[in-house]
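Only one structure is covered here, and it is reproduced in the block below.
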Amino acid sequence: MAATAATPESRLGTLTAEHSVHGAATPSFDGGRRAVLLRTERLLLAPVAESDLEELFALHANPLAFADDLTEPLTDREQMRWVLQQWIRAWQEHGTGYLTVRPTAVGSVRGRTADDGTAADTTTADTAARAAARTAPDNAAARALTTRDSLLGVVGLTPLAFEGGHVLSAYWRLDPAVTGCGIATEAVRAVLADPRLGARDQKVIAVTAAGNRPSLALAARLGFLRSEQEAPGGRTGDVLLVRRPEDEAGT
């Protein structure tokens, strides 16, 4: 079931490791693993949990969240359940993974900034519908999303075997009602900056559709550069984006 607690902090229950992006790390709750709770000016990011299933399924079944994507939306809740289990296992095995993105407070997500992508790993289709979902900075959908403990999206890093070694693979997917508010930039930047998640020490890659201009623009703001190498998975239409530790200073 979806969480029903009134605030992001209370719904996290057993999470006891809170970390400001600009603060010092505290011991984690998970026996030495590096599970973290990140806070930015407007957002609270927490490792995905089983209680997030319904909201994650709603996000990943929403066609507007895949408008620029070569990936199809999910159609079966059990698909999301299986994926979520893999995401949780990544935290258990590697101490890094995907995090839910929620507002720190009611009304904290407002205004429009530079164009955000809805996902990395994202068919240029239905762009008019997607644009309609993001036209007004304070549209009704965005206001509704930010009046409760609502899921704004999911972002994160997971280890991936690549080029005979391992890299971190970045992922982001935002509710289309809040794209254009700078949420993806703020959330992914926090993930890349946290020393416990590994992006400061390892190469990070992202895979997106060549025609996904919002996602490409977001990646560029975060320091990713387009590579001529074939993207993992070999899907026609995807491009590989790379961010190296030495590129961090430029983000």
Side-chain angles (χ1 to χ4, degrees), residues 45 48 59-60 63-74 79 83 86-87 89-91 93-99 101 114-127 130 153-174 176 179 182-251:
L45 284 67
V48 292
L59 172 63
H60 288 81
L64 288 178
F66 291 78
D68 295 301
D69 205 334
L70 292 174
T71 303
E72 294 294 324
L74 298 183
Q79 295 173 307
V83 170
Q86 311 314 305
W87 291 356
R89 185 173 299 132
W91 279 107
E93 295 180 355
H94 306 291
T96 190
Y98 294 160
L99 304 99
V101 181
D115 198 24
D116 274 341
T118 56
D121 226 81
T122 77
T123 133
T124 305
D126 200 16
T127 52
R130 183 167 175 266
V154 59
V155 301
L157 301 168
T158 54
L160 178 71
F162 184 66
E163 296 182 322
H166 287 84
V167 297
L168 292 173
S169 178
Y171 179 82
W172 52 84
R173 193 172 300 281
L174 275 291
T179 57
I183 300 303
T185 302
E186 188 172 331
V188 181
R189 184 167 284 150
V191 168
L192 294 172
D194 191 286
R196 294 165 293 178
L197 300 181
R200 291 186 176 183
D201 305 312
Q202 297 185 58
K203 181 164 69 175
V204 181
I205 69 168
V207 177
T208 192
N212 188 343
R213 290 181 294 178
S215 195
L216 291 170
L218 170 61
R221 288 196 296 277
L222 295 167
F224 287 87
L225 301 174
R226 185 163 174 170
S227 171
E228 295 304 316
Q229 290 180 270
E230 182 178 337
R235 185 171 59 182
T236 301
D238 279 343
V239 295
L240 174 66
L241 308 170
V242 178
R243 182 182 186 273
R244 294 176 174 82
E246 58 268 27
D247 297 330
E248 181 184 346
T251 65

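These numbers were taken from a predicted model, which means no experiment stands behind them.
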Next on the checklist: Apply side-chain contact (heavy atoms from CB on, under 4.5 Å) to residues Val154 and Leu99 and explain how you reach the verdict.
Outcome noted: CA-CA 6 Å; Val154 59; Leu99 304 99; 5.9 Å; no

List for me each residue that meets side-chain hydrogen bond (donor to acceptor under 3.5 Å, both in side chains) alongside [X], sequence neighbours excluded, and say none if there are none.
| X | answer |
| --- | --- |
| Arg226 | none |
| Gln229 | Glu163 |
| Glu230 | none |

Could you state the interatomic distance from [atom1] ([X]) to [atom2] ([Y]), rounded to the nearest 0.5 Å?
| X | Y | atom1 | atom2 | result |
| --- | --- | --- | --- | --- |
| Thr158 | Arg89 | OG1 | CZ | 13.5 Å |
| Asp194 | Arg200 | CG | CZ | 7.5 Å |
| Leu64 | Leu59 | CG | CG | 11.0 Å |
| Asp238 | Thr71 | CG | OG1 | 7.0 Å |
| Gln202 | Arg244 | CD | CZ | 13.5 Å |
| His60 | Glu72 | NE2 | CD | 14.0 Å |

Next on the checklist: ring-ring contact (aromatic ring centres under 6.0 Å, His included), that's the test. Do Trp87 and His94 meet it? Break it down for me.
Outcome noted: CA-CA 11 Å; Trp87 291 356; His94 306 291; over 10 Å; no

Checklist entry - Can you list the steps and then say if Leu192 with Leu157 is a side-chain contact (heavy atoms from CB on, under 4.5 Å)? => result CA-CA 8 Å; Leu192 294 172; Leu157 301 168; 4.2 Å; yes

At their closest point, which heavy atom of [X] faces which heavy atom of [Y], and how far apart are they?
| X | Y | result |
| --- | --- | --- |
| Pro73 | Pro63 | CG-CA, 3.8 Å |
| Asp68 | Ala209 | O-CB, 3.8 Å |
| Ala65 | Leu174 | CB-O, 4.2 Å |
| Leu45 | Ala187 | CD2-O, 3.7 Å |

Is the closest side-chain heavy-atom distance between [X] and [Y] below 4.5 Å?
| X | Y | answer |
| --- | --- | --- |
| Ser169 | Val207 | no |
| Pro214 | Thr179 | no |
| Leu225 | Arg243 | no |
| Val239 | Leu216 | yes |
| Val242 | Ser227 | yes |

Checklist entry - Is it true that a side-chain atom of Thr185 and a backbone atom of Gly182 form a donor plus acceptor pair closer than 3.5 Å? => result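 Not confirmed, Thr185 side chain does not pair with Gly182 backbone.
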
Next on the checklist: Restricting to side chain to side chain contact (heavy atoms under 4.5 Å, CB included), what partner residues turn up for Ala219, sequence neighbours left out?
Outcome noted: Trp172, Phe224, Leu241

Item to check | side chain to side chain contact (heavy atoms under 4.5 Å, CB included) partners for Val167, two or more places apart | outcome: Leu160, Phe162, Lys203, Ile205

Next on the checklist: Just to verify, which of Val155, Leu222, Val204, Leu168 counts as forming a side chain to side chain contact (heavy atoms under 4.5 Å, CB included) with Val191?
Outcome noted: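 So the option named by the test is Val155.
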
Checklist entry - Under the 6.0 Å and 45° cation-pi test, does Arg173 pair with Tyr98? => result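 No, cation not above the ring by the 6.0 Å, 45° rule.
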
